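First the structure, in the form of structure tokens, and then the observations on it.
Source: prediction; values computed, not measured. Just so you know, ligand 1 is whichever comes first in the structure, and atom 1 is the first atom listed for that ligand. All residue numbers in this chain count up from 1 along the given sequence.
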Amino acid sequence: MATIGILGTGRMGTRLAGAFADLGHTVILGSRHVARAREAAKALGRRNVIPGTYDAAVDAPVVLPAIFLRDGLVETLAPYAERLRGKLYVDITNPFNDDYSDFILPWGTSGAEQVQQAVPGARVVGAFKNVWWVVLDEPDFAGVPNDVFVVADDDAAKREFLSLVDGMPFRFVDAGRLANARTVERMTLLLGELGARYRVAPRMGFRFLDGAAEAGA
Ligand SMILES: NC(=O)c1ccc[n+]([C@@H]2O[C@H](COP(=O)([O-])OP(=O)(O)OC[C@H]3O[C@@H](n4cnc5c(N)ncnc54)[C@H](OP(=O)(O)O)[C@@H]3O)[C@@H](O)[C@H]2O)c1
């Protein structure tokens, strides 16, 4: 079992803390305000979720910052760049603007690549980008779990991530290199628009349908 440091006690941070804890991992749930982390850990009610600071969370061998780029994720990471060297970094960012109508980054980059630039020594794996927070509460859509597209340049890091999430109620799909996060993140932007158009937001997700599965291969 691993220890995972989560930074941020918002919608994703708390739910992912619960999801990793349910698999038996220890989670250091970090907040800018320790009292908030304590409250969040108490609400989760798992003994293996330990409240703390961002500093304590960064000490874990696996880190998962659950902070928006627009709220200063890159600036928050800057003082930790050296300490994150060699660590598995799970990047879940979608670079949304304040009203979620668009991204704050141009087409030629992604949140994942911005994070990798900010912490060049970390082994960045992008994941959970298309999983809306409410779906973490109830992952099944009529018996069909959501796909989580996983991107990374470091294959060993990708494998390590996949072993950490083994048992989560999602299907994890290898979506290739880190730069593919440009597409994966923009799929979330489209998903948001589809959800609004069809009045199902925020309960929506993606499933990659493949012919081999259909043929029973
Ligand atoms: N919401 C989704 O459905 C979803 C889905 C996939 C990916 N994501 C990604 O997950 C990340 C977190 O999203 P979220 O929806 O969990 O966000 P959120 O509910 O707004 O929580 C973000 C957390 O970031 C921390 N934070 C640090 N600096 C902050 C600042 N200046 N202003 C506000 N909060 C600050 C806060 O935690 P503390 O106060 O405890 O420090 C806050 O609770 C984002 O990168 C987002 O793109 C979100």
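- Using a 4.0 Å cut-off between charged side-chain N and carboxylate O, R36 and E39 make no salt bridge.
- For ligand 1, one of its N or O atoms has an N or O atom of W133 under 3.5 Å away.
- Heavy-atom contacts of G8 reach the following atoms of ligand 1: 37 (O), 40 (O) (cutoff under 4.0 Å).
- Atom 5 (C) of ligand 1 has its closest protein heavy atom at V131 O, 3.1 Å.
- Each of the following atoms of ligand 1 lies closer than 4.0 Å to a heavy atom of F128: 6 (C), 7 (C).
- Side-chain atoms of Q116 come within 3.5 Å of backbone atoms of V119 as a donor-acceptor pair (strictly under, hydrogens ignored).
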* Give the intermediate values and the outcome of side-chain hydrogen bond (donor to acceptor under 3.5 Å, both in side chains) for residues T26 and N48. => CA-CA 5 Å; T26 299; N48 49 344; 5.7 Å; no
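- Shown are L191, V150, T93; of these, the side-chain contact (heavy atoms from CB on, under 4.5 Å) with K129 is made only by T93.
- Contact record, F170 with P145: CA-CB, 4.1 Å, taken as the closest heavy-atom pair.
- Summary of contacts: the protein heavy atom closest to atom 45 (O) of ligand 1 is I67 O, 2.9 Å.
- Across the listed options P51, S31, G111, A66, A66 owns the non-hydrogen atom lying nearest to atom 24 (O) of ligand 1.
- Applying the 4.0 Å criterion to heavy atoms of Y54 picks out, from ligand 1, the atoms 25 (C), 26 (N), 27 (C), 37 (O), 38 (P), 41 (O).
- Nearest to atom 19 (O) of ligand 1 among the protein's heavy atoms is R11 N, 2.9 Å.
- Here the side chain of N180 pairs no donor or acceptor atom with the backbone of V184 at under 3.5 angstrom.
- For atom 37 (O) of ligand 1, the closest non-hydrogen atom of the protein is T9 N, 3.2 Å.
- Contact annotation: for N130 versus ligand 1, there are no heavy atoms closer than 4.0 Å.
- Of the heavy atoms in F96, none comes closer than 4.0 Å to ligand 1.
- Both tests hold for R70 against Y100: distance to the six-membered ring centre under 6.0 Å, angle to the ring axis within 45°.
- Among all protein heavy atoms, the one lying closest to atom 47 (O) of ligand 1 is N94 N, 2.9 Å.
- With a 4.0 Å cut-off on non-hydrogen atoms, R36 touches ligand 1 through its side chain and not its backbone.
- The pair D137-R203 does not meet the salt-bridge criterion, since no charged nitrogen lies less than 4.0 angstrom from a carboxylate oxygen.
- Where the criterion is an N or O separation shorter than 3.5 Å, residue side chain and backbone included, K129 fails it with respect to ligand 1.
- Between F141 and G205, the shortest heavy-atom distance links the atoms CZ-N, 4.3 Å.
- Of all heavy-atom pairs between A181 and V151, the closest is CB-CG2, 4.0 Å.
- If you check which protein heavy atom lies closest to atom 43 (O) of ligand 1, you get G10 N, 3.1 Å.
- Atom 13 (O) of ligand 1 has as its closest protein heavy atom F68 CE1, 3.3 Å.
- Although no hydrogens or angles enter the test, the distance criterion places no donor-acceptor pair under 3.5 Å between the side chain of R46 and the main chain of F20.
- Looking only at distances, no side-chain donor or acceptor of R207 sits under 3.5 Å from a matching main-chain atom of N146.
- Ranking the protein heavy atoms by distance from atom 8 (N) of ligand 1 puts I92 O, 3.6 Å first.
- The distance from ligand 1 to the heavy atoms of T93 drops below 4.0 Å at these ligand atoms: 45 (O), 47 (O).
- Below 3.5 Å of separation, one finds no N or O of T76 facing any N or O of ligand 1.
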